[in-house]
Amino acid sequence: MFYTIKQNFEKIADSNKASQMEKYMRGRFKFYGIQTLDRRLAEKEILRLAKQEKSIRWDELDQIWDDDHREMQYFVCDFLLKFKNKLTYEDLAHVKKYVTSKQWWDTIDSLMKVYGQVGLTDHRVDQLMLKWSQDPDFWLRRVAIEHQLLRKDKMKVALLEQILLNNLNDNEFFVNKAIGWALRDYSKTNPAWVKNFIEENQADLNPLSIKEGSKYL
């Protein structure tokens with residue numbers, strides 16, 4: 001799988017777009033210069049064949065993830081999202097490697113969906129997210145804050161509240177942005193709860209979180 005996806009990406013690499021993408025990502029990562037639609041077309045057959053496998057080949061995913069090109073990490077994220085309904089709590093130990101390495105918002109905001117999906121059926125994820133919500137690594141805290149996005153009526157409100165409370169008075173932009181997004185998303189389902197949360201914690205919420213969270217109120 002590693003060599004196939006690498007060859008597919010190399011065939012459609014665009015050095016001009018790569019330079020633009022690297023600049024947009026502040027020079028943190030090397031790119032092939034492949035836009036999302038083209039990347040997904042290059043992945044399609046590989047993902048189709050992978051779906052026929054009885055189990056996930058974590059060693060191959062690790063090899064792909066360790067490649068220098070950012071599109072390779074995007075492939076791992078796309079792979080996991082494609083099969084997120086089949087993942088178990090035990091699989092999350094493998095996924096954590098991807099959450100805690102080569103960290104930036106793009107992969108973090110994809111991988112958090114995996115934890116959210118598993119958490120719908122396995123309550124052990126709740127305790128893991130509570131633990132991560134107080135971790136020194138702010139990217140783990142971002143996963144915890146965001147992992148219930150789009151749940152609507154399936155939102156575990158007490159869990160959301162405690163995770164948010166654990167991250168008040170934080171100066172990290174990516175944490176405060178995540179808090180705002182979590183509040184804004186849930187406000188579409190329960191605006192009264194979000195309004196009350198913001199009012200009760202206004203002194204401790206970052207202005208960015210309040211601005212984002214109040215967008216639809």
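The model shown is predicted, which means the values in this text are computed figures rather than measured ones.
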* **Separation between CD of Glu146 and CG of Leu160, rounded to the nearest 0.5 Å** => 12.0 Å
* **Within 6.0 Å of NZ in Lys30, more than 12 heavy atoms from elsewhere** => no
* Would you indicate whether the side-chain heavy atoms of Val143 and Ile108 approach each other to under 4.5 Å? => yes
* Show your working on side chain to side chain contact (heavy atoms under 4.5 Å, CB included) between Leu87 and Ile56 and close with a plain yes or no. => CA-CA 9 Å; Leu87 296 174; Ile56 294 175; 3.3 Å; yes
* To do: Kindly give the heavy-atom pair with the smallest separation between Met72 and Phe9, and that separation in Å.
  => SD-CD1, 3.7 Å
* Which atom of Tyr89 lies closest to which atom of Val118, heavy atoms considered -> N-CG1, 3.8 Å
* Asked: Is the backbone N or O of Thr88 less than 3.5 Å from a side-chain atom of Asp91, with the two atoms forming a donor-acceptor pair by type?
  -> yes
* So, Asp78 and Arg39, do they make that salt bridge, N to O below 4.0 Å? -> yes
* To do: Would you give the length of the straight line joining atom CD of Glu161 to atom CG of Asn166, rounded to the nearest 0.5 angstrom?
  => 10.5 Å
* Could you walk me through whether Glu43 and Asn8 pass the side-chain hydrogen bond (donor to acceptor under 3.5 Å, both in side chains) test, one step at a time? => CA-CA 8 Å; Glu43 298 171 347; Asn8 286 2; over 6 Å; no
* **Gap separating the NE2 atom of His69 from the CD1 atom of Ile64, nearest 0.5 angstrom** => 14.0 Å
* To do: Check for a donor-acceptor pair, side chain of Gln73 on one end and backbone N or O of Trp65 on the other, with a separation under 3.5 Å.
  => yes
* Test item: Glu212 side-chain N/O and Asn176 main-chain N/O as donor-acceptor pair under 3.5 Å -> no
* For the residue pair Arg142 and Ile145, establish whether any side-chain heavy-atom pair is separated by less than 4.5 Å. => no
* Tell me, with the steps shown, if Leu217 and Ile198 meet side chain to side chain contact (heavy atoms under 4.5 Å, CB included). => CA-CA 11 Å; Leu217 295 180; Ile198 291 176; 4.1 Å; yes
* Asked: Are Met112 and Trp105 connected in the hydrophobic side-chain network, where two residues link if heavy atoms are under 4.5 Å apart?
  -> yes
* **Worked check of side chain to side chain contact (heavy atoms under 4.5 Å, CB included) between Ile179 and Asn206** => CA-CA 9 Å; Ile179 291 173; Asn206 186 277; over 6 Å; no
* May I ask whether Leu120 and Leu128 are part of the same hydrophobic cluster, defined by side-chain heavy atoms of I, L, V, M, F, W, Y residues being less than 4.5 angstrom apart, directly or through others? => no
* Structure fact -> In this structure, NZ of Lys86 is separated from NZ of Lys51 (nearest 0.5 Å) by 6.0 Å
* Asked: Would Glu45 and Arg48 pass as an ion pair if we require N to O under 4.0 Å?
  -> yes
* Under the side-chain hydrogen bond (donor to acceptor under 3.5 Å, both in side chains) criterion, do Ser187 and Trp193 qualify, and how do the steps go? -> CA-CA 8 Å; Ser187 73; Trp193 186 91; over 6 Å; no
* Identify the two heavy atoms, one from Lys84 and one from Gln117, that lie closest to each other, and give their separation to 0.1 Å. => O-CG, 3.7 Å
* Should the pair Glu90-Arg124 be classified as a salt bridge under the 4.0 Å nitrogen-to-oxygen rule? -> yes
* **Audit row: Trp139, Thr107, side chain to side chain contact (heavy atoms under 4.5 Å, CB included) steps and yes/no** => CA-CA 10 Å; Trp139 291 116; Thr107 53; over 6 Å; no
* Is the shortest distance from a Lys or Arg side-chain nitrogen in Asp170 or Arg141 to a carboxylate oxygen in the other one below 4.0 Å? -> yes
* Are more than 12 heavy atoms from other residues, nucleotides or ligands located less than 6.0 Å from atom CG of Asn171? -> no
* Within a strict 4.5 Å, meaning less than it, do heavy atoms of the Phe138 and Asn167 side chains meet? -> no
* Path from Met155 to Tyr216 over hydrophobic side-chain contacts below 4.5 Å -> no
* Check whether Leu41 and Ile34 end up in the same hydrophobic cluster, where Ile, Leu, Val, Met, Phe, Trp and Tyr are linked by side-chain heavy atoms less than 4.5 Å apart. => no
* Please check if Val99 and Trp58 belong to a single hydrophobic cluster, counting links between Ile, Leu, Val, Met, Phe, Trp and Tyr side chain heavy atoms closer than 4.5 Å. => yes
* Under the ring-ring contact (aromatic ring centres under 6.0 Å, His included) criterion, do Phe29 and Trp104 qualify, and how do the steps go? -> CA-CA 10 Å; Phe29 308 104; Trp104 200 235; 7.4 Å; no
* Asked: Quick one: does Leu80's side chain get under 4.5 Å of Tyr98's, heavy atoms only?
  -> yes
* Asked: If you round to the nearest 0.5 Å, how far is CG of Leu164 from CG of Asp204?
  -> 12.5 Å
* Any donor-acceptor pair under 3.5 Å from Ser209 side chain to Leu205 backbone -> no
* Taking atom NZ of Lys156 as the centre, does the number of heavy atoms from other residues, nucleotides or ligands within less than 6.0 Å exceed 12? -> yes
* Asked: Hey, is the main chain of Phe31 close enough, under 3.5 Å, to the side chain of Glu22 for a donor-acceptor pair?
  -> yes
* With a 4.5 Å limit on heavy-atom distance, are the side chains of Trp181 and Asp109 in contact? -> yes
* Asked: Quick check: does any side chain N or O of Tyr115 sit under 3.5 Å from a backbone N or O of Leu92, one acting as donor and the other as acceptor?
  -> yes
* Inspect the surroundings of NZ in Lys96 and state if more than 12 heavy atoms from other residues, nucleotides or ligands are less than 6.0 Å away. => no
* Asked: Got a donor-acceptor contact below 3.5 angstrom from the Glu71 side chain to the Tyr32 backbone?
  -> yes
* Structure fact -> Those residues at least two apart in sequence (or on a different chain) that pass side chain to side chain contact (heavy atoms under 4.5 Å, CB included) with Ala144 are Met129, Trp132, Ser133, Ile163
* To do: Please determine if Lys102 and Asp66 form a salt bridge, counting it only when a charged side-chain N lies under 4.0 Å from a carboxylate O.
  => no
* NZ (Lys188) with more than 12 external heavy atoms under 6.0 Å -> yes
* **Short side-chain to backbone donor-acceptor contact, Gln35 and Leu37, under 3.5 Å** => no
* **Lys/Arg N to Asp/Glu carboxylate O, Arg70 vs Asp106, below 4.0 Å** => yes
* To do: Could you check Lys152 against Asp185 for salt bridge (Lys or Arg N to Asp or Glu O under 4.0 Å), going step by step and ending with a plain yes or no?
  => CA-CA 8 Å; Lys152 299 182 179 180; Asp185 177 67; over 6 Å; no
* Please report the shortest heavy-atom distance between Ile12 and Ala42, naming the atom on each side. => CD1-CB, 4.0 Å
* Atom pair CD/CG of Glu172 and Leu208 - distance to nearest 0.5 Å -> 11.0 Å
